[in-house]
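Report on one structure; see the data block that follows.
Note: hydrogens, waters and symmetry copies are ignored here, and every other heavy atom, side chains too, is used. In what follows, every chain begins at residue 1, and chains take the letters A, B, ... in the order their sequences are listed.
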Amino acid sequence: MAEQETDLNELMIERRKKLDDLKKAGIEPYNNDFVRSHSITEVLDNFDKLTAEEKKVKIAGRVMALRDHGKSSFADLVDLSGKVQLYAKKGEVGEEKYSLFTDLNIGDHIGIEGTLFETGRGEITVRIQEFKLLAKSLRPLPEKWHGLKDVELRYRQRYVDLIVNPDVKETFIARSKIIHGIRGYLEEKNFLEVQTPLMHPIAGGAAAKPFTTHHNALDTDLYLRIAPELYLKRLLVGGFEKVFEIGKNMRNEGLSRKHNPEFTTLELYQAYADYEDIMDTTEELIKTVAEDVLDDLEITYNDHKIDLNSWNRMTMVEAVNNHTGVDFTNVSTLEEAKSLAEENNLECEEKVSIGEIINEFFEEIVEEKLIQPTFITQYPVEVSPLAKRNSDNPAFTDRFELFIAGNEIANAFSELNDPIDQKERFEKQMEQREAGDDEAHRMDQDFIRALEYGMPPAGGLGIGLDRLVMLLTGSESIKEVILFPHLRPEN
RNA sequence: GGGCCAUUAGCUCAGCUGGUAGAGCACCUGACUUUUAAUCAGGGUGUCGGAGGUUCGACUCCUCCAUGGCUCACCA
C-alpha cells in the first residue's frame with residue numbers, strides 16, 4: 001500500500017479507510033465461500049415460480065447503483081447475465097447489517113440471500129435477508145451514464161471498459177461466437193484442427209517483416225510466425241487432406257485502424273480442391289457464421305448497407321477495367337503498362353512487371369470501391385508467389401481475394417505444388433529481397449524438399465478473423481475487436 | 001515516420017478578446033421505509049499532460065516534449 005500512496009486520490013483514500021474499518025470490525029471484505037443458487041437472469045425469468053414457492057435465492061454480482069432512503073435502501077446488482085434490483089429494510093436485516101449495506105460503494109462485489117417481490121412500479125426485486133462482501137472495490141468507477149469514453153483508458157484498462165460499457169462485452173461475445181461458428185462449420189466438414197509452430201527458423205508464408213527472438217539453449221535466432229501457411233501445406237504432404245488452424249500471426253509493421261502487430265487468422269487447406277471450391281466454401285462459411293451471430297445477412301457497416309446474400313465474382317483485370325476504364329487484356333509490354341500507370345497518376349517507376357502494375361491499379365483504385373461481397377480472381381503471378389498458375393494464362397494465378405466494405409477479408413488460391421516452379425518463385429523473391437525489399441518471401445529449402453515428395457493439388461484459404469469480426473460487429477477499428485490491443489507502454 | 005486535432009477533478013465535460021478554476025456523476029455528512037438518472041441540505045476532492053518562454057499576470061499566447069485519435073505512407 002505504501003508504494004502506491006503517491007497516486008491515491010481522495011476517493012481511493014476514503015475506500016481504503018472503509019476497508020480498514022471493516023477489517024477492524026472483524027468483517028472479511030474478500031469472502032470466498034458464497035455459492036449462488038441462480039444467475040440474475042434466471043431469477044428474473046423464474047419470478048412467478050420462485051415467488052409461488054416463497055423460495056430464497058442466492059445471487060452475487062457487482063453493485064452498480066445505490067439508492068439510500070434512510071430506513072430502507074435500494075441497489076442495482078449486476079452479473080454477466082443481467083441486472084436486478086435489491087431492497088434492504090433496516091427493520092428486517094437489523095441495524096448493524098443495514099448500515100454495512102448502506103456503506104457499500106458502487107463497484108463492490110456482494111453475495112446476497114433473499115426473496116423476490118415486485119415493487120409498486122412493477123420491478124422484480126430481491127428483498128435482502130443476508131448479504132456478504134465478496135470483494136471490496138478500492139477505485140471509483142467511471143460515470144454511470146456516459147460510461148468511459150477516453151479510448152486510451154478504454155484500451156489500457158479494458159477491464160473497466162467491460163464493466164461500464166455493455167456494448168464492448170457484446171462485441172467480444174460476438175467474436176467468441178464467430179470463432180466458435182467457424183470451428184463448428186469446419187469440424188462438420190471433417191477438417192482437422194491443428195497447431196503449428198509460432199516460432200519459425202524461417203518466417204514464411206507471407207510478405208511481411210517478422211519479429212525476431214532468440215533461443216538460448218540452441219543459440220539460434222527464431223522468428224515469430226507471420227503466417228502458418230508453409231507448415232500447413234507440409235501437413236498435406238504428410239497425408240492430412242483437410243486441415244485448419246486458428247491462431248495468431250505477428251508482423252513487425254505499423255499500427256492502424258486495420259492493423260495490430262498480432263492478429264488472428266483462420267487458414268485452411270483442402271487436398272484435391274481448387275480455388276473455386278474454396279470460393280464456395282468461403283461464401284458458405286461466412287454466411288453461416290453471420291447468420292449465427294446476427295440472424296441476418298443484411299448488415300450495415302460504416303454507413304454502407306451490405307447484403308451477404310449476393311456475392312460477385314470477377315477477375316482483377318475485369319475489376320480494373322470496370323472501375324478505371326483501363327483494359328489490360330491486350331497490354332503486352334512493361335512500357336505500355338507504365339505509361340497507363342502514369343496517365344492514372346500511379347507511381348510505378350520501380351515496378352518491374354506488368355502484373356505488379358495491374359495489382360497497383362487494383363489496390364490503389366478499385367479495392368476501396370468493393371463494398372458488396374466480391375471475389376476478385378486471377379491475380380498476377382508476380383504478386384502471388386505461392387499460388388498455382390492458371391492453365392490458360394500462366395501470367396495469372398488461380399487465386400482470389402474477398403472484399404467486403406472495401407476491406408480484404410480473405411485470400412485464397414490453388415496451392416502451387418510444383419517444387420521446381422516454387423523454387424524459382426522463391427528465387428525471384430530472394431532477388432527482390434537483395435534489391436532492398438525486406439518484405440519479400442524467404443527461401444525455405446525444407447518446404448521445397450517437402451513439395452519434392454509430392455503435395456496433392458489443394459486449395460487453401462486465409463481469413464483475417466479480426467477483420468471479419470469488425471465487419472460483423474460494425475466496429476471501425478481493429479482495436480475494438482481485440483481485447484488488449486497494442487499500445488505504447490505506460491510511462 | 002509526416003500532417004491535422006485533442007489532453008482541465010476518479011469519470012463525462014464547460015471555462016469568452018490573458019485577470020488567478022466550474023458543473024453533473026462518483027465520494028463524504030445529515031434527512032427520508034417501494035426508489036430507480038431517487039430526492040433534499042451541506043462539503044471541491046485540481047501540478048488545467050510535462051518543461052521552457054512572452055507578460056505585472058498564462059488553463060488561455062509561443063516553442064519543445066509526451067501520450068492518444070484521425071489521416072498519409074507500409075501491410076492483413
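Between A/Lys144 and B/A38 there is a side-chain polar atom (N or O) within less than 4.0 angstrom of OP1 or OP2. Contact between the side-chain N/O atoms of A/Arg67 and the OP1/OP2 oxygens of B/A38 is found at a separation under 4.0 Å. Between A/Arg488 and B/A66 there is no side-chain N or O to OP1 or OP2 distance below 4.0 Å. At the phosphate of B/C28, OP1 or OP2 sits under 4.0 Å from a side-chain N or O atom of A/Asn105. Here A/Arg257 does not reach the OP1 or OP2 of B/G69: none of its side-chain N or O atoms lies under 4.0 Å away.
Residue A/Lys17 is classed as having no contact, given no heavy-atom separation below 4.0 Å to the nucleic acid. Across all strands shown, A/Lys479 has heavy atoms under 4.0 Å from sugar-phosphate atoms exclusively, and none from any base. No contact: A/Asp438 has no heavy atom under 4.0 Å from any strand. Residue A/Lys258 is classed as a base contact, given a heavy-atom separation below 4.0 Å to a base. Residue A/Glu439 is in sugar-phosphate contact alone, with no base atom involved, counting any heavy-atom pair closer than 4.0 Å across all strands shown. Counting non-hydrogen atoms under 4.0 angstrom, A/Gly120 reaches a base of the nucleic acid. Heavy atoms of A/Asp466 sit nowhere under 4.0 angstrom from any nucleic acid atom. Within 4.0 Å of A/Arg156, counting heavy atoms only, lie sugar-phosphate atoms of the nucleic acid but no base atom. Among the heavy atoms of the strands lying under 4.0 Å from A/Arg121 is at least one base atom, whether or not backbone atoms are also near. Contacts of A/Gln85 with the nucleic acid, taken as non-hydrogen atoms under 4.0 Å apart, include base atoms.
A salt bridge does not link A/Lys338 to A/Glu342: none of the charged nitrogens lies less than 4.0 Å from a carboxylate oxygen. Salt bridge A/Arg67/A/Asp76: present, at least one basic N to carboxylate O contact under 4.0 Å.
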Evaluate side-chain contact (heavy atoms from CB on, under 4.5 Å) for A/Glu245 paired with A/Glu229, printing each intermediate quantity in order.
CA-CA 9 Å; A/Glu245 179 164 8; A/Glu229 171 151 0; over 6 Å; no
Give me, pair by pair, the N or O atoms of the protein and of nucleotides 4-12 of chain B that are less than 3.5 Å apart, along with how far apart they are.
residue, atom, partner, partner atom, Å
B/G10, O4', A/Asn9, ND2, 3.2
B/C11, O2', A/Glu143, N, 3.2
B/C11, O2', A/Gly147, O, 3.2
B/U12, OP1, A/Lys149, N, 3.1
B/U12, OP1, A/Asp150, N, 2.9

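Distance noted for atom P between B/C16 and B/G22: 13 Å (whole Å). A distance of about 47 Å separates the P atoms of B/U34 and B/U20, rounded to the whole Å. B/A26 and B/A38 have their C1' atoms separated by 16 Å, given to the nearest Å. On the P atoms, B/U8 is 8 Å away from B/U12, given to the nearest whole Å. Comparing the P positions of B/G46 and B/A9 gives a spacing of 10 Å, expressed to the nearest Å. Here, B/A6 and B/U60 have their C1' atoms 16 Å apart, quoted to the whole Å. Spacing of C1' atoms, B/A23 relative to B/A14, comes out at 7 Å, to the nearest Å.
Contact of A/Glu123 with B/U36 (side chain to base): a donor-acceptor pair of N or O atoms is detected under 3.5 Å.
Counting to the nearest Å, the P atom of B/C74 and the CD atom of A/Glu367 are 12 Å from each other. In this entry the distance linking CD of A/Glu408 with C1' of B/C74 reads 14 Å, nearest Å.
Residue side chain A/Phe263 meets the stacking definition with respect to B/A76: its ring centre sits within less than 5.5 angstrom of the base's six-membered ring centre, and the planes differ by less than 30 degrees.
Cation-pi check for A/Arg127 over A/Phe117 is met; the charged atom lies under 6.0 angstrom from the ring centroid and within 45 degrees of its normal. Cation-pi geometry between A/Arg399 and A/Tyr379 is met: under 6.0 angstrom from the ring centre, within 45 degrees of the axis.
Relative ring orientation between A/Phe101 and A/Phe131 is described as perpendicular, the plane-to-plane angle rising above 60° on a 0-90° scale split at 30° and 60°. Using bins of under 30°, 30° to 60° and over 60° for the plane-to-plane angle, the ring pair A/His441/A/Phe426 lands in the tilted bin.
Residues A/Phe413 and A/Phe400 keep their aromatic ring centres 6.0 Å or farther apart. Between A/Tyr185 and A/Phe244, the distance separating the two ring centers is not shorter than 6.0 angstrom.
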Dot-bracket, RNA chain B: Watson-Crick or G-U, under 3.5 angstrom, [ ] crossing, | other strand?
(((((((..((((.....[..))))((((((.......))))).)...(((((..]....))))))))))))....
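Mapping A/Ser477 and A/Lys209 onto RNA chain B by nearest heavy atom places A/Ser477 at the nucleotide closer to the 5' end.
Heavy-atom minimum distance, A/Tyr301 versus A/Gly474: CD1-CA, 3.7 Å.
One distance of note links CG of A/Leu268 with CG of A/Leu232; it measures 9.0 Å at 0.5 Å rounding.
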